[in-house]
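What follows is a single structure, written as structure tokens, with notes after it.
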Amino acid sequence: MAVMVGLFAWLHVRNRQHQTRLWLFGWIAVFLHFVAFLLIQITSGASHLFAFWLNRSMLAVAGTFFLFSVSEVYKDSQRSRLLANMAVVSFFPLLYITLAVINVREGWIYAGLLLAAGVVYLGPSLHHYGWRNWFWRGFAVITLPCTGWAVAKALQGQPRYGTDLFLAGFYCTTGVLYHRHFRRMSPGVLLSSLSFVAWGLVFPAAFYFYLRNIPVATSLWDVPKYFVAFGMLLTLFENQAEAAKASAAKYKELFERNLAAVYVSTLDGMLLDCNSAFLKMYGYRRKEEALSGHARAVCSDPRERQAFLETLEREGQVLNYECRHSRQDGTPIWVLERATIVSDSNGERVIEGTAIDITERKQTELALQQSEERFSTVFRQSPVGCAIVALDGVFLNVNEKLLQMVGRPGEEVIGKTAVDLGFFKSNQEREAFYLNLRDHGFLQSVHVRFRDAHGKVREGLYFATLVGLGETECIFGMLLD
């Protein structure tokens, strides 16, 4: 049992869950029960009495821990409330056993404790399950007659029946709740459930054989304890297997149903696995067809593939990596890739990655870039004076022709207002111009007179329209000399 306690302590350190903690405390109590049994053999007097009390009471404490580890009634309780409930549940058997050990003879005290315990135990379960629940009805049908029998025996001066009722009730109920808690017909759950029930039946069975002087080896009554322990260990391994199975199923679902192309490949480019989105994006009809080739074959330029691998090796992962790939038929596409180097089950390093097709977006970006480049060329080389002006009249950008017209360098124009440069005589005149532009959206052939930097009077026709630069609205103007 000491080895068993050490094993459960090791499991609890690795898996710090509420349930394994209660199991550990339960087996510590069982270990103390065995220690007390040894003390009974070598002590006498008050020490012998204490050892006998410890032997019985630790079974009640262990039963409390095991019961609460699978209880449906108290599973959502906060820690402080759970400890209080455990103290209340264990109070009645501990007090009952203490009174029996010190040989208190008033039967009504034992009967009162049994009835009070019945109310405390049945009340919360009735509140949780409801009286229509078949499980609660079965529990009540078995518990109430047994409690009545134990009360009658206690009033007759035989409290031993009550002690066995407490212990048998704890372990048999735990056996049923154990199966309800895990809800599966696995070897670990079945072994633990049946062994808990057998452990509970040991107490009335041992008393029955004792009353009839039927000799039974003491160690025989301990067999269910070890089967419970083995069953619990099996249950923990089954839980890990269930969790791994669920995790694998979840991973497979995410892998297959991912809208992005997901793949696994070796570092040298051999494709190991991929999802249906990958097949669709790269134009493969079957997965076998894709896995028969190399991942590097989808990369349009071997130099880009090498740059990708070098970045991946250096940083361990790449995020939002844009590169050019090719479909199976050679059609070029742009992809946005995320990839990570991981170790597979054999310890080999592989690449896990996802990719999405951004060809349409990339084409739009390239078209926009080309458009911006063309506009910039036209803007700079236009024989007409061009300017981009903020709504408050500040010049943001001008071309060379406009600088020639005003006779000023760029640094004396950009950042200045149209009023500063003499295009408008006052801010009120500029505001009226802007309101007119806002009403119509554009203005054409507006006659303007201004003096350049040398004092020469110039005249021109001004064309203006409202345009958006990113999220900012501006005025694009052209001045014809």
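A quick note: this is a predicted structure, and the numbers were derived from the prediction, not measured.
Counting heavy atoms from C-beta on, the side chains of His33 and Met1 never come closer than 4.5 Å. Side-chain contact between Leu466 and Leu391 is present, with heavy atoms from C-beta onward closer than 4.5 Å. Residues Leu443 and Phe433 are in side-chain contact: their nearest non-hydrogen atoms beyond the backbone lie under 4.5 Å apart. Taking 4.5 Å as the limit, some side-chain heavy atom of Leu435 sits within range of a side-chain heavy atom of Glu431. For the pair Leu191 and Met232, the minimum side-chain heavy-atom distance is 4.5 Å or more. In this structure, the side chains of Glu238 and Phe182 stay at 4.5 Å or more apart for every pair of heavy atoms. Counting only heavy atoms from C-beta outward, the side chains of Val61 and Leu32 never approach each other to under 4.5 Å. Residues Leu236 and Trp23 are in side-chain contact: their nearest non-hydrogen atoms beyond the backbone lie under 4.5 Å apart.
Between Phe196 and Trp199, the ring planes lie parallel to each other; the angle is under 30°, not in the 30° to 60° tilted range. Below 30°, between 30° and 60°, or above 60°: for Tyr284 and Phe278 the angle between ring planes is below 30°, a parallel geometry.
Side-chain contact of Arg324 with Ser326: a donor-acceptor pair under 3.5 Å is absent, judged by distance alone. In the model, Glu289 has a side-chain atom that pairs as donor or acceptor with a side-chain atom of Gln328 under 3.5 Å. Between the side chains of Glu459 and His447, at least one donor N or O lies within less than 3.5 Å of an accepting N or O. Neither side chain, Glu429 nor Tyr434, offers a donor N or O lying under 3.5 Å from an acceptor on the other. Checked by atom type, the side-chain pair Gln17/His12 shows no donor-acceptor distance below 3.5 Å.
Within 6.0 Å of CZ in Phe237 there are 12 or fewer heavy atoms belonging to other residues, nucleotides or ligands. More than 12 heavy-atom neighbours from other residues, nucleotides or ligands sit within 6.0 angstrom of CG on Leu368. For CZ of Phe255, the number of neighbouring non-hydrogen atoms (other residues, nucleotides, ligands) closer than 6.0 Å is greater than 12.
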Distance-only criterion, 3.5 Å: show the donor-acceptor pairs between side-chain atoms of residues 474-481 and protein atoms not counting sequence neighbours.
residue, atom, partner, partner atom, Å
Asp481, OD2, Arg458, NH1, 3.0

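Under a 3.5 Å cut-off, the side chain of Thr143 and the backbone N or O of Phe139 do form a donor-acceptor pair. Judged by distance alone, the side chain of Asn85 and the main-chain N or O of Arg81 form a donor-acceptor pair under 3.5 Å. Listed for the Asn399 side chain is a donor-acceptor partner under 3.5 Å among the backbone atoms of Cys386. Judged by distance alone, with hydrogens and angles left aside, the side-chain atoms of Ser125 form a donor-acceptor pair with the main-chain N or O of Leu122 at under 3.5 Å. Listed for the Thr173 side chain is a donor-acceptor partner under 3.5 Å among the backbone atoms of Gly169.
Taking a cutoff of 4.0 Å between a charged side-chain nitrogen and a carboxylate oxygen, Arg438 and Glu473 qualify as a salt bridge. A salt bridge links Glu313 with Arg349: the closest approach of a Lys/Arg side-chain nitrogen to an acidic carboxylate oxygen falls below 4.0 angstrom. Look at Lys287 and Glu256 and you find a salt bridge, because one of the NZ, NE, NH1 or NH2 atoms lies within 4.0 Å of a carboxylate O, short of that distance. For Lys362 and Asp357, the salt-bridge test fails: no basic side-chain N is under 4.0 Å from an acidic carboxylate O.
In this structure Tyr462 satisfies the side chain to side chain donor-acceptor pair (under 3.5 Å) test with no other residue, sequence neighbours excluded. Considering only residues two or more places apart in sequence or on other chains, Glu242 meets the side-chain contact (heavy atoms from CB on, under 4.5 Å) condition with Arg184. Qualifying side chain to side chain donor-acceptor pair (under 3.5 Å) partners for Asp420, counting only residues two or more places apart in sequence or in other chains: Thr417. Taking Glu352 as the reference, nothing meets the salt bridge (charged side-chain N to carboxylate O under 4.0 Å, His left out) condition, with sequence neighbours excluded. Every side-chain contact (heavy atoms from CB on, under 4.5 Å) that Arg380 has, sequence neighbours left out, goes to Ser376, Thr377. Residues satisfying the side-chain contact (heavy atoms from CB on, under 4.5 Å) test with Ile358, not counting sequence neighbours, are Glu322, Trp334, Leu336, Ile356, Arg361. Every residue two or more places apart in sequence or in another chain that forms a side chain to side chain donor-acceptor pair (under 3.5 Å) with Gln369 is listed here: Glu373. In this structure Val5 satisfies the side-chain contact (heavy atoms from CB on, under 4.5 Å) test together with Leu24, Trp27, Ile28, Phe31, sequence neighbours excluded. In this structure, Thr174 has no side chain to side chain donor-acceptor pair (under 3.5 Å) partners at least two apart in sequence or on a different chain. Qualifying salt bridge (charged side-chain N to carboxylate O under 4.0 Å, His left out) partners for Arg137, counting only residues two or more places apart in sequence or in other chains: none.
Here Leu67 contributes atom CG and Tyr121 contributes atom OH; the two are 9.0 Å apart, rounded to the nearest 0.5 Å. Atom NZ of Lys416 and atom CG of Leu421 lie 8.0 Å apart (nearest 0.5 Å). Here the straight-line distance linking atom OG of Ser193 with atom CZ of Arg180 works out to 11.5 Å at 0.5 Å rounding.
For the side chain to side chain contact (heavy atoms under 4.5 Å, CB included) test with Ile351, the passing option among Leu309, Leu271, Val342, Val318 is Leu309; the others fail. A ring pair (Phe, Tyr, Trp, His ring centres under 6.0 Å) with Phe25 holds for exactly one of Phe65, Phe68, Phe66; it is Phe65.
Screening residues 11-20 for salt bridge (charged side-chain N to carboxylate O under 4.0 Å, His left out), with sequence neighbours left out, gives no hits.
The two residues Ala339 and Leu312 make their nearest non-hydrogen contact at O-CD1, 3.6 Å.
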